[in-house]
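What you see is a predicted model, and the numbers here were worked out from it, not measured in a lab. Every number for a ligand or one of its atoms is a count from 1 in the order of the listing.
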Amino acid sequence: MRIHEHIEDASSLLHQTLVPYYGPDLPHPSAYLIFDGETAELLDDQIARLLASYSVDINHGFVPFPDPLDQLPLSSKFGCWEVIMKDLSGYLHARNVRSTILSRLEVIPIEQGDLLDERELQRALLVLAMLSHAFVWGEQPVSTYIPACLAVPWVEVTRKACRLPMLTHSLMVLSNWKRFDVNKPIELGNIALLNGFLSGTDEANFYLVTIELEDRGGKALKHMLKAQYFAGKENEQDVTNELKAIENIQKSMLNTLSKMFDRVDPYIFYHRVRHFLSGWKGNSSLPDGIVYEGVSETRQFLHGASAAQSCLIAAFDVFFNVQHVSDQTRDFIDEMRLYMPFKHRQFLHMLGEHAHYLNDFVQKSTSKELRQAHNACIDQLVEFRNKHIQIVTVFILAQMRKSDDETSSSARGTGGTVLMPFLKTSRDETKIKREKF
Ligand code: HEM
């Protein structure tokens with residue numbers, strides 16, 4: 001086991017602080033207060049550079065740009081992972097995924113010079129996470145351990161990337177698509193899923209709808225920064241215009257969210273898709289957590305992949321100062337930040353440090369138009385959460401009832417929450433941000 005000696009207990013990864021660190025390569029949050037916004041182009045250019053330093057794209061938000069890598073080189077030492085990935089659905093259908101992984105993979109040490117390219121790093125994270133989740137959930141009974149051939153490189157790669165050894169929203173959704181035509185937008189009709197578990201139309205569409213939503217919503221980030229900037233300058237008209245732009249983007253996000261109903265069959269989602277996203281915290285199928293073999297004998301507890309880990313929706317909350325402070329929401333929503341890419345968490349922190357510019361400005365403004373524009377955005381965010389509650393009702397609760405599954409782990413989300421009280425409280429915490437006239 002010498003190869004593992006230098007790997008510390010994976011549980012130390014669970015204690016990453018929520019307070020971001022502004023390293024020498026990242027601008028301090030005050031950076032954009034000194035924007036010189038004399039021309040719209042100059043301001044956009046400065047915002048684009050600021051966002052890029054947090055690995056956020058001005059046109060695509062948290063969706064990676066350039067597009068994700070579709071495969072690690074087969075000739076590299078990691079090619080063996082990709083060979084299994086290529087036929088993952090087949091192994092899952094044949095119920096031999098575990099024996100395949102155990103017989104074909106060895107522990108591959110990750111060296112300092114490995115995976116220096118960001119796209120390769122993200123691809124390695126996705127592949128190791130998917131293979132591990134396939135190993136755990138792909139056969140019955142579920143596995144209570146992840147074998148060393150996956151766990152050891154997985155923990156090493158996640159350390160390199162400052163991430164948790166878990167499948168997350170940012171991996172399964174944001175790093176898992178390709179465009180048919182790279183000159184056309186990232187939207188349904190021009191995107192395909194790189195890898196699925198059991199695969200098929202409904203699984204692919206569940207992720208692709210979310211990618212379209214993330215890409216559309218990502219365009220709001222620059223307007224958020226501009227609104228804060230203009231609020232700092234007490235420029236009512238420009239703040240109002242930015243809020244109206246944000247509202248329009250929110251409408252298009254809602255439009256995309258509704259596509260879940262047309263494009264994804266709730267039965268297939270419930271019975272064939274969500275299972276693989278589950279985690280090993282608050283999950284009655286794995287009450288004692290999981291052992292990452294070769295890393296630590298201590299059982300680990302981690303939440304599964306959930307869009308609650310979306311930095312985009314978190315950014316809307318942070319920007320409008322929506323506080324998830326109740327017992328039903330606080331801990332889970334705070335914890336979800338740990339599952340986001342590190343730089344994106346730092347971005348949220350930066351956005352939050354400036355949230356008071358907009359919110360104080362709106363509160364003290366006497367402009368009806370400004371306050372209406374602000375409330376229209378809050379209404380959109382509430383609508384988003386209402387639509388999302390409808391989705392959860394159809395895709396989870398109704399399926400649960402039909403399957404007579406009420407007492408099983410399905411009463412909870414893949415992230416482990418008790419569903420309805422959590423989602424409704426989150427919606428109500430948004431509603432109260434409406435300004436009164
Ligand atoms: C079929 C589609 C979807 C289903 C069944 C679904 C289900 C769930 C569930 C069960 C939760 C509770 C947390 C957990 O335990 O995981 C949740 C939370 C959440 N979901 Fe979804 N979700 C869907 C699509 C989306 C999409 C497309 C987004 C947007 C990117 C999204 C954003 C969120 C957010 C932000 C939360 C945290 C609660 C909140 O902020 O109000 N979900 N979702």
Exercise for the section: Please work out which of Pro266, Ala308, Gly304 has its closest non-hydrogen atom nearest to atom 34 (C) of ligand 1. Expected result: Ala308

Check each atom of ligand 1 against the heavy atoms of [X] and keep those under 4.0 Å away; list them by number with element.
X	answer
Phe269	5 (C)
Phe384	29 (C)
Ile313	35 (C)
Val392	6 (C), 7 (C), 8 (C)
Thr210	27 (C)
Ser306	13 (C), 14 (C), 16 (O)
Phe395	1 (C), 5 (C)
Arg385	39 (C), 40 (O), 41 (O)

Problem - N or O pair under 3.5 Å between Asp317 and ligand 1 - result: no

Exercise for the section: Run the contact test for Leu257 against ligand 1 with a 4.0 Å cut-off on heavy atoms, strictly below, and give the result. Expected result: yes

Exercise for the section: Verify the distance criterion only: is there a donor paired with an acceptor across the side chains of Thr168 and Gln309 at less than 3.5 Å? Expected result: no

For [X], which part has a heavy atom under 4.0 Å from ligand 1: side chain, backbone, both, or neither?
X	answer
Leu419	side chain
His324	neither
Ile396	side chain
Ala307	both

Backbone N or O of [Y] within a donor-acceptor pair of the [X] side chain at under 3.5 Å?
X	Y	answer
Glu156	Ile110	yes
Arg263	Phe206	no
Glu139	Val97	yes
Thr329	Phe422	no

Exercise for the section: Can you label the angle between the Phe135 ring and the Tyr145 ring as parallel, tilted or perpendicular, going by 30° and 60°? Expected result: perpendicular

Practice task
Dump the intermediate steps for salt bridge (charged side-chain N to carboxylate O under 4.0 Å, His left out) on Lys251 and Glu247, then the final yes or no.
Solution key: CA-CA 6 Å; Lys251 283 182 179 161; Glu247 186 204 352; 3.4 Å; yes

Exercise for the section: Considering just N/O/S atoms, say which atom of His388 is closest to atom 21 (Fe) of ligand 1. Expected result: NE2

Practice task
Look at Arg330 together with Glu429 and state whether they make a salt bridge at an N to O cut-off of under 4.0 Å.
Solution key: no

Exercise for the section: Output yes when Glu118 and Lys343 qualify as a salt bridge under the 4.0 Å nitrogen-oxygen rule, no when they do not. Expected result: no

Handout entry: Pairwise side-chain contact, Ile246 with Phe316, heavy-atom cut-off 4.5 Å (strictly under)
Key = yes

